[in-house]
Structure formats: C-alpha cells, structure tokens
2 protein chains.
Amino acid sequence: MTAQRRVVAEVLDGEHVHLTADEVHARAVAKLPEISRATVYNTLGELVSLGEVLEVSTDRRAKRYDPNAHQPHHHLVCARCGAIKDVHPMGNPMADLPDSERFGFTVSDVEVTYRGICPNCTAA
Amino acid sequence: MTAQRRVVAEVLDGEHVHLTADEVHARAVAKLPEISRATVYNTLGELVSLGEVLEVSTDRRAKRYDPNAHQPHHHLVCARCGAIKDVHPMGNPMADLPDSERFGFTVSDVEVTYRGICPNCTAA
DNA sequence: TACGAACTTGGACGTGATCCAAGGTCCTCC
DNA sequence: GGAGGACCTTGGATCACGTCCAAGTTCGTA
Ligand SMILES: [Mn+2]
Ligand SMILES: [Mn+2]
Ligand SMILES: [Zn+2]
Ligand SMILES: [Zn+2]
C-alpha cells in the first residue's frame, strides 16, 4: 500500500459517484501533486480486479469507476448531459430470459441501462 | 444512391449479424474494391440516422452495426469470444423502474445486456 | 458543354487507454 | 550498515477507433 494507491482509494471511497480516470487523477493530484496518470490507471485496474470498484460504460466516452460495488444496481443516464443515477428496478431481469433464449450460454450477469432526460436538461 | 452506398446496404441487408465498421468495410471491398473506410463510416452514420441500422456497443471495442432495427430486442454476449445473440426477455424492463427510482427523468429507452459463456467457449 | 451540388477519398487529427523502459522505494539478508 | 531484489511509479510512446477536412470526382441540369 503506497501513498499513491491510498490516495486513489480515498478519492473513490464513500463517494457515491461515477468518475472517469481523468477525474480521479485530477482529485488525486489535489492530494498528492506528482501522482501520474499511469499509476491512476494501474490502481483503478487493480481495484476492479479485486471487485472493490466497478467499471461502468454508459457511453463510448471514458469509462467510469463506481465504488458502489457491493450493492447490485443498474444505471439511469441523461442522454443530454450524461448525468448518471444508480437505480434498482423491480424483479430480477436475469429471470426474465427464458431458457429458449439462452442458446446454450451460461448466463452470469445482466446489465440494464435506462436512458432519458434529467430534470435539469428538461428545464433548460 | 451511389454504388458505394448500395454496397454498404447490401453487406448489412438481410444478414442478422453485428458487424464492426471494419468488417463492413472488408466485405464491401470484396464487392467494390476501391471503397474507402471514410465512406463506410459516412454511410453507416446515415443508416443509423435513418433508423435503418442500430449501433450496438456491447464492449469498449469497435461499435457494431445491427440491421435488425425494426424488431426491438436485447443482446446476449459471450464474455470470452464476443459472440452476440439477439434475445427477447419476457416482460417490459421499462415498467420495472418505479417512479421513485426515476429521479424526475423522462425515461425513454432501456437497454439490457446479458453476459455469459457461449457453448463453444464452454466446450473449449 | 459549363456549372454546381453532392459524394468520395486518403490522410491528419483527437480521445481514451495501454504499454514500456527507466528509475525509485523499501524490505530482507548478510 | 550495505547489497540485492521485488515491486511500484513515471512520462512518453504507441495503439485502436472514430471523426474531420481539403481536394478531387461524379452527375444532373441548363
Ligand atoms: Mn453506480
Ligand atoms: Mn441485435
Ligand atoms: Zn441532463
Ligand atoms: Zn464464446
């Protein structure tokens, strides 16, 4: 556990957000000025392998890193400004895929992304 | 309607597949040797705007172009080899998001991606 | 035939991510 | 304390994918 890794972990800890690697880097630099982008990428990659942080790809821009890894959830994304909310749809989407639609796959995961316009963007 | 556009449309027509722009280009070149990548990108972009073709982003690699634009469906993806199947889960995932989980958004779309291991990759 | 709109082309450019060789830190063993 | 080595960090090079752009081409119309 180096100072660099601690800082990256701190940036993500507790905050219920979805930051890009560059945003994590910017916040890390505020605490440890000389931390490099490469180290931020390395550390984020390790946290993802450890299951402490999730990668979220709601658009084709930068990946976002989600520290809310222990409570399963899905995402609601504003198509205009990119704002992201954690959501918990009812039911179990996995159970909604009949065997006849599984083509022999061993299905292990399902990811649901809702899209729409957020209140801010609706007002503007 | 130029020869180039016709060829791109032909490559996608009828086939129930999910090709990358490069794969479309490769197949187009087989029919019209001097078609350029730029034109393939332009034409795919137009087909997407017209609603004739869907963009599918199941991973962070190249976008895939899906001519099955008229029947709503979701995708089942092999985490190992990337194979993609069209699937039709039961129920309406949109209806499963309670108002209390919408945060004032106007929700217009939902995208469901199942992940697992395909029979080929399970065998190997 | 002359003109102009629309299309095509190859290559330059942009973004996000990964790779890599060099240098630094720190623990262990003598 | 000093040498050795494992592991980490760094900046810049490189990569993949996509977009942009200026120049050239095609083709319908007058
Ligand atoms: Mn989240
Ligand atoms: Mn499809
Ligand atoms: Zn918004
Ligand atoms: Zn597979």
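Bear in mind the structure is a predicted one, so any value in this text is a computation, not a measurement. Residue numbers start from 1 in every chain, and the chains themselves are labelled A, B, ... in the order their sequence lines are given, proteins ahead of strands.
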Does [X] put a side-chain nitrogen or oxygen below 4.0 Å from OP1 or OP2 of [N]?
{"X": "A:Arg5", "N": "D:dT9", "answer": "yes"}
{"X": "B:Thr2", "N": "C:dT8", "answer": "yes"}
{"X": "A:Gln4", "N": "D:dT10", "answer": "yes"}
{"X": "A:Ser36", "N": "D:dT9", "answer": "no"}

Between [N] atom [atom2] and [X] atom [atom1], what is the distance in whole Å?
{"X": "B:Arg61", "N": "C:dG16", "atom1": "CZ", "atom2": "P", "value": "18 Å"}
{"X": "B:Asn42", "N": "C:dT9", "atom1": "CG", "atom2": "P", "value": "10 Å"}
{"X": "A:Lys63", "N": "C:dT18", "atom1": "NZ", "atom2": "P", "value": "4 Å"}
{"X": "A:Arg60", "N": "D:dT19", "atom1": "CZ", "atom2": "C1'", "value": "13 Å"}
{"X": "B:His25", "N": "C:dT8", "atom1": "NE2", "atom2": "P", "value": "13 Å"}
{"X": "B:Glu23", "N": "D:dG18", "atom1": "CD", "atom2": "C1'", "value": "16 Å"}

*asked:* Assess whether a salt bridge exists between B:Arg64 and B:Glu55, defined as any Lys/Arg side-chain N lying under 4.0 Å from an Asp/Glu carboxylate O.
replied: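 Here B:Arg64 does not pair with B:Glu55 in a salt bridge, since their nearest N and O are not under 4.0 Å apart.
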*Could you check whether the rings of A:His18 and A:His16 sit parallel, tilted or perpendicular, using 30° and 60° as the cut-offs?*
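A:His18 and A:His16: tilted rings.
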_Using the side-chain heavy atoms of B:Tyr41, tell me which of these nucleotides is nearest: C:dA17, D:dT19, C:dT9._
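Between C:dA17, D:dT19, C:dT9, the one nearest the side chain of B:Tyr41 would be D:dT19.
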*Between D:dG11, C:dA17, D:dC8, which nucleotide has the shortest distance from any of its atoms to the side chain of A:Ala21?*
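Output: C:dA17.
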*Can you list the other members of the hydrophobic cluster that holds B:Val8, where links are side-chain heavy atoms under 4.5 angstrom apart?*
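ILVMFWY cluster around B:Val8 also holds B:Val7, B:Val11, B:Leu12, B:Val17, B:Leu19, B:Val24, B:Val29, B:Leu32, B:Ile35, B:Val40, B:Leu44, B:Leu47, B:Val48, B:Val53, B:Tyr65.
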*Kindly check if the number of other-residue, nucleotide or ligand heavy atoms within 6.0 Å of CG (A:Asn120) is above 12?*
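No - once you tally the heavy atoms of other residues, nucleotides and ligands closer than 6.0 Å, there are 12 at most.
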